[in-house]
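Remarks on the structure that follows.
What you see is a predicted model, and the numbers here were worked out from it, not measured in a lab.
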Amino acid sequence: MDQLIHQMSIFFPALIASFTPVIIALLDRFVLRSPFPPLLWPTIILSGVGGFIIAISQIDSESMSEQDRTISPTDNLIGCSLQFISAIFSAFARILMKRTEHVLTPTHIVQTNNISNCLCPFIYTIITNPSSWKAFRYLLVTP
């Protein structure tokens, strides 16, 4: 049973990561009404086969570390869910770039991305762990 859980903990993240281009193509089709890419189905098949090969190559139960054995199925589910959400957000970001292609300049898109990448984690850490920002007051002290 442990070996099966270990296989799934390797297979699903690899599968989600390899299916990110497929997720982008599907969202592009349904949001922007673009035609499907001509090689979508071979891509889906090859992505599945690639994820399966990655999982099969990692089956050796003796090579499982102690940390791999202690990861619970709930932790695996949370990790896979976060990776899937990340793939969805990545797909929406690409669709947003396509949608604003003639509205914003490439510089504006990059700057919006940079601000989002700084502002969102800043707000998150201010809300969840405000005491961690106390360390930055020592940057103002000269040695």
Mark yes or no for whether Ser116, through its side chain, and Thr112, through its backbone, hold a donor-acceptor pair below 3.5 Å.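 Checked: pair present.
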Flag for Ser131-Asn129: side-chain donor and acceptor within less than 3.5 Å: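 Present: a donor and an acceptor within the cut-off.
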Pairwise distance [atom1]([X]) to [atom2]([Y]) - rounded to 0.5 angstrom:
| X | Y | atom1 | atom2 | value |
| --- | --- | --- | --- | --- |
| Leu32 | Leu96 | CG | CG | 9.5 Å |
| Ile115 | Cys120 | CD1 | SG | 11.0 Å |
| Cys118 | Ile123 | SG | CD1 | 11.5 Å |
| Ile44 | Leu39 | CD1 | CG | 11.5 Å |

Exercise: identify the closest heavy-atom pair between Ile23 and Ile88: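 For Ile23 and Ile88, the tightest heavy-atom pair comes out as CG2-CD1, 3.8 Å.
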Are more than 12 heavy atoms from other residues, nucleotides or ligands located less than 6.0 Å from atom CZ of Arg99?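 No, CZ of Arg99 has 12 or fewer neighbouring heavy atoms, counting only those of other groups under 6.0 Å.
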Compare all side-chain heavy atoms of Leu26 with those of Phe36 and state whether any distance is below 4.5 angstrom.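 Contact flag for Leu26/Phe36 side chains = yes.
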So do the side chains of Gln111 and Asn114 get within less than 4.5 Å of each other, counting heavy atoms only?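 They are in side-chain contact.
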Linking I/L/V/M/F/W/Y whenever their side-chain heavy atoms sit closer than 4.5 Å, directly or via other members, would [X] and [Y] fall into one cluster?
| X | Y | answer |
| --- | --- | --- |
| Tyr124 | Ile127 | no |
| Val22 | Phe30 | yes |
| Phe92 | Leu82 | no |

